[in-house]
Amino acid sequence: MVSGEVRVRNSSGFHARPASILVRTASGFPCDIILKYKDKSINAKDIMQVMTAGIKYGTNLVIMCEGKEEAEALQAMIRVIENGRLGE
């Protein structure tokens with residue numbers, strides 16, 4: 001398992017469009033990807049879990065990836081969140 005921390009830079013947080021981009025990125029990898037937010041563990045491949053988590057701009061998230069291509073998945077998730085490329 002690999003993990004990393006990232007700050008949400010999308011000014012809108014994770015509403016429908018950014019959530020779908022995040023889920024699409026996560027779904028491109030065969031490993032499990034979990035977002036830790038407050039006391040929640042969110043499956044990054046589940047659009048409803050991502051959308052209903054209430055993740056806002058400036059939030060710090062821990063991303064945990066486990067399985068095949070975990071390192072690549074972690075880097076892709078960090079890149080998409082840090083770059084704010086979630087629908088803006």
Side-chain angles (χ1 to χ4, degrees):
M1 177 176 8
V2 295
S3 64
E5 189 168 339
V6 64
R7 179 169 290 217
V8 176
R9 301 212 177 170
N10 183 320
S11 61
S12 304
F14 285 4
H15 59 79
R17 185 173 177 194
S20 69
I21 293 168
L22 184 76
V23 169
R24 191 173 334 124
T25 301
S27 295
F29 294 94
C31 60
D32 293 328
I33 303 174
I34 301 296
L35 305 175
K36 296 291 282 182
Y37 171 61
K38 295 184 179 179
D39 61 343
K40 301 175 187 176
S41 292
I42 303 153
N43 179 351
K45 296 180 181 183
D46 184 321
I47 189 73
M48 292 307 295
Q49 285 188 31
V50 174
M51 285 179 56
T52 60
I55 300 169
K56 301 184 182 329
Y57 171 79
T59 299
N60 286 331
L61 299 175
V62 174
I63 304 167
M64 300 184 309
C65 302
E66 184 170 13
K68 189 175 179 185
E69 298 180 32
E70 62 187 21
E72 295 88 347
L74 178 62
Q75 291 307 309
M77 296 295 288
I78 289 173
R79 193 168 38 252
V80 76
I81 294 170
E82 274 190 344
N83 291 338
R85 294 179 22 213
L86 294 171
E88 292 188 339

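One is the number of the first residue; the rest follow in order along the sequence.
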(message) Tell me the closest heavy-atom pair linking Ala19 and Val50, and the distance in Å.
(response) CB-CG1, 3.7 Å

(request) Determine whether Cys31 and Lys68 make a side-chain contact, defined as any pair of heavy atoms from C-beta on separated by less than 4.5 Å. (result) no

(request) To the nearest 0.5 Å, tell me how far Met77 CE sits from Met64 CE. (result) 12.0 Å

(message) How close do Phe29 and Lys45 get, counting heavy atoms only, and between which atoms?
(response) O-NZ, 2.6 Å

(request) Identify whether Met48 and Ile21 are in the same connected component of the hydrophobic contact network (ILVMFWY, side-chain heavy atoms under 4.5 Å). (result) yes

(request) Provide the closest heavy-atom pair for Ala73 versus Ile33 in the form atom of the first, atom of the second, distance. (result) CB-CD1, 3.9 Å

(request) Rounded to the nearest 0.5 Å, what's the gap from CD1 on Ile34 to CD on Glu66? Could you check? (result) 9.5 Å

(request) To the nearest 0.5 Å, tell me how far Ile63 CD1 sits from Leu22 CG. (result) 7.5 Å

(message) Quick check: do Asp32 and Glu70 have side-chain heavy atoms less than 4.5 Å from each other?
(response) no

(message) Working to the nearest 0.5 angstrom, can you tell me the gap between Gln49 CD and Ile55 CD1?
(response) 10.5 Å

(message) Using 0.5 Å steps for rounding, measure from the CZ atom of Arg79 to the OG1 atom of Thr25.
(response) 9.5 Å

(request) Over all heavy atoms of both residues, which pair between Asp46 and Val23 is shortest? Give the atoms and the distance, please. (result) C-CG2, 4.1 Å

(request) Locate the shortest heavy-atom distance separating Ala16 from Ile47; write the atom from each residue and the value. (result) O-CD1, 4.5 Å

(message) How close do Val8 and Tyr57 get, counting heavy atoms only, and between which atoms?
(response) O-CD1, 3.8 Å

(message) Let me confirm one number: the CZ-OG1 distance from Arg7 to Thr59, rounded to the nearest 0.5 Å.
(response) 8.5 Å

(request) Report yes or no: do Leu74 and Val62 belong to one cluster of Ile/Leu/Val/Met/Phe/Trp/Tyr joined by side chain heavy-atom distances under 4.5 Å? (result) no

(message) Side-chain heavy atoms nearer than 4.5 Å, only ILVMFWY residues, links allowed to pass through others: does that put Tyr37 and Val80 together?
(response) yes

(request) Would you please test Ile42 and Phe14 for side-chain contact (heavy atoms from CB on, under 4.5 Å) and show each step? (result) CA-CA 13 Å; Ile42 303 153; Phe14 285 4; over 6 Å; no

